[in-house]
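Right, one structure below, let's go through it.
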Amino acid sequence: MGQVKQALREAALRLAAVSDTARLDAELLMAHALGVERQTLLLDPARFAVPPGFAPLVERRLASEPVAYIVGYRDFWTIRLAVGPGALIPRPDSETLIEAALAHFGARAPRHILDLGTGPGTLLLAAMSEWPDARGLGIDASETALGYARANIAALGLDGRAAVRIGDWTAGIDGPFDLILGNPPYIGDDEQLMPDVADHEPSAALFAGADGLADYRRIIPALPRLLAPDGVAILEIGATQRILVGELAEAAGFCVACRQDLAGRDRALLLTRA
């Protein structure tokens with residue numbers, strides 16, 4: 001077995017104690033230490049020697065530091081986003097919102113997009129990568145997260161079309177927007193999370209009161225004044241929140257549909273005008 005293959009195997013065995021994706025973690029850390037893409041590493045691992053920087057990266061992961069923070073990025077949808085401490089790490093489940101938006105608009109295209117709680121620009125920039133004529137605004141309460149969002153806007157060449165700013169959800173925003181996206185905090189204050197999330201990612205982007213619904217109660221009633229007549233608002237929800245968040249949306253006058261993620265869990269609520 002080659003040197004790199006053996007190092008990956010040993011690292012994955014150790015990382016299994018802290019990660020459900022131990023082998024993937026090891027590969028990403030090795031590629032980062034080598035300064036190459038993971039695909040390049042996997043294509044011909046025998047061409048590489050194990051770099052001295054690999055072992056310290058593994059130790060950081062064993063201490064439950066998220067891989068995305070260690071390597072400084074997370075791939076999401078079709079784009080790469082810079083992330084780090086203070087910014088919520090993009091999750092594959094959130095791609096469900098982009099899929100739902102694409103299905104809703106079909107051959108049409110939204111011209112104005114709003115992303116509430118944009119973090120490092122996750123949903124905003126993924127959506128804008130699909131619709132090259134769209135203009136977008138991202139709102140977040142964290143200046144740290146917006147620093148990453150601005151860097152991602154520049155890296156993706158979207159300076160002229162995307163903007164982000166500090167804000168308190170919908171306060172001070174004028175519509176209308178054809179597409180409103182949002183991934184608000186939706187975890188109850190007493191819920192237990194894995195150490196790599198609980199000890200590293202920003203709690204303000206995760207927790208939302210005793211029942212996890214505090215931010216939906218603030219966001220949803222303000223959406224009717226911001227949404228274009230034929231637009232759609234798509235909100236990420238926790239897997240058990242479909243009914244409760246749906247009731248909030250219906251009380252605000254919306255028709256509600258739900259889209260499941262790849263694991264079959266309720267993940268995105270689509271709100272349209274009744």
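Just so we're clear, the structure is a prediction, and the values are computed from it rather than from any experiment. Numbering of residues begins at 1 and proceeds along the displayed sequence.
- Checked for salt-bridge contact, E201 and R74 miss the test: no charged N lies under 4.0 Å from a carboxylate O.
- In terms of modelled atom types and a separation under 3.5 Å, the side chain of R111 and the main chain of D178 share no donor-acceptor contact.
- In this structure a side-chain-to-backbone donor-acceptor pair under 3.5 Å is present from R161 to A134.
- The pair D211-R217 counts as a salt bridge, with a side-chain nitrogen and a carboxylate oxygen less than 4.0 angstrom apart.
- Put simply, the side chain of D266 reaches to within 4.5 Å of the side chain of I237, judged on heavy atoms.
- Between F105 and W131, the ring-plane angle classifies as perpendicular under the 30° and 60° cut-offs.
- The main-chain N or O of P120 is found under 3.5 Å from a side-chain atom of N152 such that the two form a donor-acceptor pair.
- Remark: side-chain polar atoms of R165 are not paired, donor with acceptor, to backbone N or O of L137 under 3.5 angstrom.
- Between E27 and R23 there is a salt bridge, since at least one side-chain N of the basic residue sits less than 4.0 Å from a carboxylate O of the acidic one.
- Between the S142 side chain and the A145 main chain, a donor and an acceptor come within less than 3.5 Å of each other.
- Salt-bridge check for E99 with R267: failed, with every basic side-chain N at 4.0 Å or more from each acidic carboxylate O.
- Judged purely by atom type and a 3.5 angstrom limit, R91 uses its side chain to pair as donor or acceptor with the backbone of I89.
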For side-chain hydrogen bond (donor to acceptor under 3.5 Å, both in side chains), just list the numbers for D25 and S19, CA-CA rounded to whole Å, side-chain angles, deciding distance to a tenth of an Å, and then say yes or no.
CA-CA 8 Å; D25 292 1; S19 174; 2.7 Å; yes

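- Side-chain atoms of D196 never come within 3.5 Å of backbone atoms of P66 as a donor-acceptor pair (strictly under, hydrogens ignored).
- In this structure a side-chain-to-backbone donor-acceptor pair under 3.5 Å is present from Y69 to A87.
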